[in-house]
Amino acid sequence: MNYFLLIFSVLIFSIDTKAQYNSPGKPIITQTGLLNGAAIFTVEFWVKTGENRSNDIYWQRPFLFGNATNGNNSGDLGITINNGYIGMFEGISNLNTDQQFLSTSIRVNDNFWHHIAAVNNGQTINLYVDGNIVGSLVSGRQLFTTTAPLTFGAASVDFNFAGNFNNTNFSSQSSFGDAMISNNARYNSNFQPPNSYSSDANTVSLFHFNNQTNYSNGNNTTSAINVDPNRPVTIDPGQ
């Protein structure tokens, strides 16, 4: 009987592979220049959040991923939430103005793991939640990440704004599992999200966020850590 319980417990743990990533940590800043100049890309990650804050200004909402650069249509990107509803904005539109999307029906702040993917095919950015497309924006221009690197759990910013800490702001209280950034448009229709990622010819960066969680105090991010992609990362939450 004890052997049966042991085997059953191992099977349950194997099924819920992302449970291991749920512990306090810090926002995660990728290296400067990642995806800089990219007009086609895929960003995908697993996230678990209970974040329920909101903001009427779309680029000041709690970030799951992205950056914020100064000026309209300035090459930035944000995957955000507002009262738990998933959203996205981008400053890479050939319409010469920032574009924004906010779902009116899809909420991800239920403290369950969700797969999020932003897929830019050079003309359109499609936002997927758990493999299902929930919104789209016109693209057509290039990302700019040399002054504000892409960040998990907050936005890197290249301008002064109340609440900045280590040049990050608009943080969310979110846990992150595996993440991958690619130089192609991996999905063009609904798909089954991968449980974890393996590098291939189109992989720009692969992250295994073991024990990674963004932590925020009010509107101020307590700290941020720069990570080297393509290597599994473990950060002591007490740092």
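What's counted below: heavy atoms across the whole structure, side chains too, no hydrogens, waters or symmetry copies.
- Looking at residues two or more places apart in sequence or on another chain, you find a side chain to side chain donor-acceptor pair (under 3.5 Å) between D98 and Y58.
- Rounded to the nearest 0.5 Å, atoms CD1 (I181) and OG1 (T203) are 10.5 Å apart.
- Transitive grouping of hydrophobic side chains (ILVMFWY, heavy atoms separated by less than 4.5 Å) keeps L102 and F170 in distinct clusters.
- N36 meets the side chain to side chain contact (heavy atoms under 4.5 Å, CB included) test with F144, T145, T146; sequence neighbours excluded.
- Here the side chains of I116 and V129 are in contact, with some heavy-atom distance below 4.5 Å.
- Scored by the salt bridge (charged side-chain N to carboxylate O under 4.0 Å, His left out) test, D110 finds no partners at all (sequence neighbours excluded).
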Hey, can you pull the donor-acceptor pairs under 3.5 Å for the side chains in residues 79-89, sequence neighbours left out?
{"residue": "N82", "atom": "OD1", "partner": "N55", "partner atom": "N", "Å": "2.8"}
{"residue": "N82", "atom": "OD1", "partner": "R61", "partner atom": "NE", "Å": "3.4"}

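- In this structure, S174 contributes its side chain and K48 its backbone to no donor-acceptor pair below 3.5 Å.
- For S136, the side chain to side chain donor-acceptor pair (under 3.5 Å) test picks out N126, with sequence neighbours left out.
- With hydrogens and angles left out, the side-chain atoms of N169 and N164 include a donor and acceptor closer than 3.5 Å.
- Within the 3.5 Å criterion, the main-chain N or O of E51 finds a donor-acceptor partner in the side chain of N109.
- Neither side chain, T42 nor S182, offers a donor N or O lying under 3.5 Å from an acceptor on the other.
- Residues that satisfy the side chain to side chain contact (heavy atoms under 4.5 Å, CB included) test with N132, not counting sequence neighbours, are N190.
- The closest side-chain heavy-atom distance from F41 to L77 is below 4.5 Å.
- Between F209 and A179 the shortest heavy-atom distance is CE1-CB, 3.9 Å.
- When all heavy atoms of G131 and P193 are compared, the pair lying nearest together is N-CG, 3.7 Å.
- Here the straight-line distance linking atom NE2 of H114 with atom CD1 of I106 works out to 9.5 Å at 0.5 Å rounding.
- Residue I40 holds its CD1 atom at 11.5 Å from CG of L143, rounded to the nearest 0.5 Å.
- For residues 115-135, the pairs satisfying ring-ring contact (aromatic ring centres under 6.0 Å, His included) are W46-H115, H115-F191, Y128-F191, with sequence neighbours left out.
- When hydrophobic side chains of Ile, Leu, Val, Met, Phe, Trp and Tyr are connected at separations under 4.5 Å, F112 ends up as a singleton with no cluster partners.
- With hydrophobic clusters built from ILVMFWY side chains whose heavy atoms lie under 4.5 angstrom apart, V134 does not share a cluster with Y187.
- In terms of heavy-atom proximity, R53 sits nearest to S171 at NH2-O, 2.7 Å.
- Tested against F176 for a ring pair (Phe, Tyr, Trp, His ring centres under 6.0 Å), the candidates F207, F65, F45 yield a single pass: F45.
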Show, in sequence, the C-alpha distance, side-chain angles and deciding distance for V119 and I125, and conclude whether the side-chain contact (heavy atoms from CB on, under 4.5 Å) test is met. CA-CA 5 Å; V119 182; I125 301 180; over 6 Å; no
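- Atom CG of D56 sits in a sparse spot, with 12 or fewer heavy atoms from other residues, nucleotides or ligands closer than 6.0 Å.
- Residues N72 and T97 have side chains in contact (heavy-atom distance under 4.5 Å, counting atoms from C-beta outward).
- For residues 193-207, the set of pairs meeting the salt bridge (Lys or Arg N to Asp or Glu O under 4.0 Å) definition, not counting sequence neighbours, comprises R186-D200.
- Judged purely by atom type and a 3.5 angstrom limit, N67 uses its side chain to pair as donor or acceptor with the backbone of A148.
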Under 3.5 Å, which donor-acceptor pairs link side chains of residues 151-161 to any protein atom two or more places apart or in another chain?
{"residue": "T151", "atom": "OG1", "partner": "P149", "partner atom": "O", "Å": "3.2"}
{"residue": "T151", "atom": "OG1", "partner": "S156", "partner atom": "OG", "Å": "2.4"}
{"residue": "S156", "atom": "OG", "partner": "P149", "partner atom": "O", "Å": "3.0"}
{"residue": "D158", "atom": "OD1", "partner": "N70", "partner atom": "N", "Å": "3.1"}
{"residue": "D158", "atom": "OD2", "partner": "T147", "partner atom": "OG1", "Å": "2.7"}

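- L34 and S205 make their closest contact through CD1-OG, 3.2 Å (heavy atoms, listed as atom of the first residue, atom of the second, distance).
- Within the 3.5 Å criterion, the main-chain N or O of M180 finds no donor-acceptor partner in the side chain of E44.
- Clustering of Ile, Leu, Val, Met, Phe, Trp and Tyr by side-chain heavy atoms under 4.5 Å joins V138 with L95.
- Residues forming a side chain to side chain donor-acceptor pair (under 3.5 Å) with N73 (at least two apart in sequence, or on another chain): R141.
- Note that OG of S54 is 11.5 Å distant from CD of Q60, once rounded to the nearest 0.5 Å.
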Using the rule given for side-chain contact (heavy atoms from CB on, under 4.5 Å), can you reason through D76 versus I92, listing the C-alpha separation, both sets of side-chain angles and the distance that settles it, and then say yes or no? CA-CA 7 Å; D76 48 8; I92 56 174; over 6 Å; no
